[in-house]
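Below you'll find the structure, written out as structure tokens, and then a few comments.
Computed over heavy atoms, backbone and side chain alike; hydrogens, waters and symmetry mates excluded. Fair warning: this is a prediction, and the values are worked out from it, not measured in the lab.
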Amino acid sequence: MGKDTIADIITSIRNADMDKKRTVRIASTNITENIVKILLREGFIENVRKHQESNKCFLVLTLRHRWNRKGIYKTILKRISRPGLRIYSNYQQIPKILGGMGIVILSTSRGIMTDREARLEKIGGEILCYIW
């Protein structure tokens, strides 16, 4: 794990999804817990449980695999803002992913939220990642 915890959880989920693994274990921080709550609410994750091992807390995620006739749909997660290049947007210029089918996760002054919630509250923020 590096210093960019958001990129670490995105990479862990993406790698587990490509390997068709059912569970993923990620480090538990306030940011990761908030992002996982959004993923759970939006239906990308089936279940989350907290696990503690020798003074370290982990989140164990149960991934939801979506099937079609040809196989499994892959969940695409893309990190946008990173420590070397922060990307900010006001609420009017938040991008719509796949015409609103995907979600954008933002870090705002009122916490981490999706693009729909940020548009409703009319606040912008740092664009963390895209998910579709």
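- Ionic pairing of Arg110 and Glu117 is not present here: no N-O contact between side-chain nitrogen and carboxylate oxygen is shorter than 4.0 angstrom.
- Under the salt bridge (charged side-chain N to carboxylate O under 4.0 Å, His left out) criterion, Arg14 pairs with no residue, sequence neighbours left out.
- The CG atom of Leu77 sits 8.5 Å away from atom CH2 of Trp132, with the distance rounded to the nearest 0.5 Å.
- Across all non-hydrogen atoms, the minimal contact from Tyr91 to Ile123 is CB-O, 3.5 Å.
- From Leu63, atom CG reaches atom OG of Ser12 across 10.0 Å, with rounding to the nearest 0.5 Å.
- By the 4.0 Å N-to-carboxylate-O rule, Glu42 lies too far from Lys37 to be salt-bridged with it.
- Taken from CG in Leu128 to OG1 in Thr108, the straight-line distance is 9.5 Å, to the nearest 0.5 Å.
- Hydrophobic clustering (ILVMFWY, side-chain heavy atoms < 4.5 Å, transitive): Ile10 and Leu85 are in distinct clusters.
- For Ile31, the CD1 atom counts as loosely surrounded, since its 6.0 Å shell holds 12 or fewer non-hydrogen atoms of other residues, nucleotides or ligands.
- Annotation: side chain of Ile103 is in contact with side chain of Phe44 (closest heavy-atom distance under 4.5 Å).
- Ile131 places a side-chain heavy atom less than 4.5 Å from the side chain of Ile105.
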With side chain to side chain contact (heavy atoms under 4.5 Å, CB included) as the test, would you mind laying out the steps for Ile35 and Ile6 before giving the verdict? CA-CA 9 Å; Ile35 291 174; Ile6 298 169; 4.1 Å; yes

Quick one, Val60 with Val48, criterion side chain to side chain contact (heavy atoms under 4.5 Å, CB included). Give me CA distance, side-chain angles, the key distance, then yes/no. CA-CA 6 Å; Val60 179; Val48 179; over 6 Å; no

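- Between Arg49 and Leu59 there is no side-chain heavy-atom pair separated by less than 4.5 Å.
- In this structure the side chain of Ile127 reaches within 4.5 angstrom of the side chain of Val104, judged on heavy atoms.
- Partners of Glu53 according to the side chain to side chain donor-acceptor pair (under 3.5 Å) rule, which considers only residues two or more places apart in sequence or in another chain, are Arg25, His51.
- Of all heavy-atom pairs spanning Gly102 and Arg116, the tightest one is O-NH2, 4.2 Å.
- With sequence neighbours excluded, the residues satisfying salt bridge (charged side-chain N to carboxylate O under 4.0 Å, His left out) with Arg22 are Glu46.
- A donor-acceptor pair is defined here as one N or O able to donate and one able to accept, closer than 3.5 Å; such a pair exists between the side chain of Asn34 and the backbone of Asn30.
- Rounding to the nearest 0.5 Å places CD1 of Ile45 at 4.5 Å from CG of Leu39.
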Quick one, Lys78 with Cys129, criterion side chain to side chain contact (heavy atoms under 4.5 Å, CB included). Give me CA distance, side-chain angles, the key distance, then yes/no. CA-CA 5 Å; Lys78 186 174 180 184; Cys129 60; over 6 Å; no

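- Atom CD1 in Ile38 sits 12.5 Å away from atom CD in Glu33 (nearest 0.5 Å).
- A donor-acceptor pair under 3.5 Å is absent between the side-chain atoms of Asn90 and the main chain of Gly124, judged by distance alone.
- Residues meeting the side chain to side chain donor-acceptor pair (under 3.5 Å) test with Ser81, sequence neighbours left out: Glu126.
- Side-chain atoms of Thr23 and Leu61, non-hydrogen and from C-beta on, never get closer than 4.5 Å to each other.
- Considering every non-hydrogen atom in both Ile26 and Val36, the closest pair reads CD1-CG2, 3.9 Å.
- Looking at Lys3 and Asp8, no side-chain N of the basic residue comes within less than 4.0 Å of a carboxylate O on the acidic one, giving no salt bridge.
- To the nearest 0.5 Å, the span separating CG on Leu120 from CE on Met113 amounts to 10.0 Å.
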Donor-acceptor contacts, no H, no angles, side chain residues 93-101, under 3.5 Å, sequence neighbours left out:
none

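- Every residue two or more places apart in sequence or in another chain was checked for a salt bridge (charged side-chain N to carboxylate O under 4.0 Å, His left out) with Lys56, and none qualifies.
- Judged by distance alone, with hydrogens and angles left aside, the side-chain atoms of Arg119 form no donor-acceptor pair with the main-chain N or O of Gln92 at under 3.5 Å.
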Verdict with supporting geometry, Asp4 and Arg79, side chain to side chain contact (heavy atoms under 4.5 Å, CB included): CA-CA 11 Å; Asp4 189 8; Arg79 177 81 159 119; 3.0 Å; yes

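- Annotation for Ala16 and Val24: closest pair CB-CG2, 3.2 Å, computed over non-hydrogen atoms.
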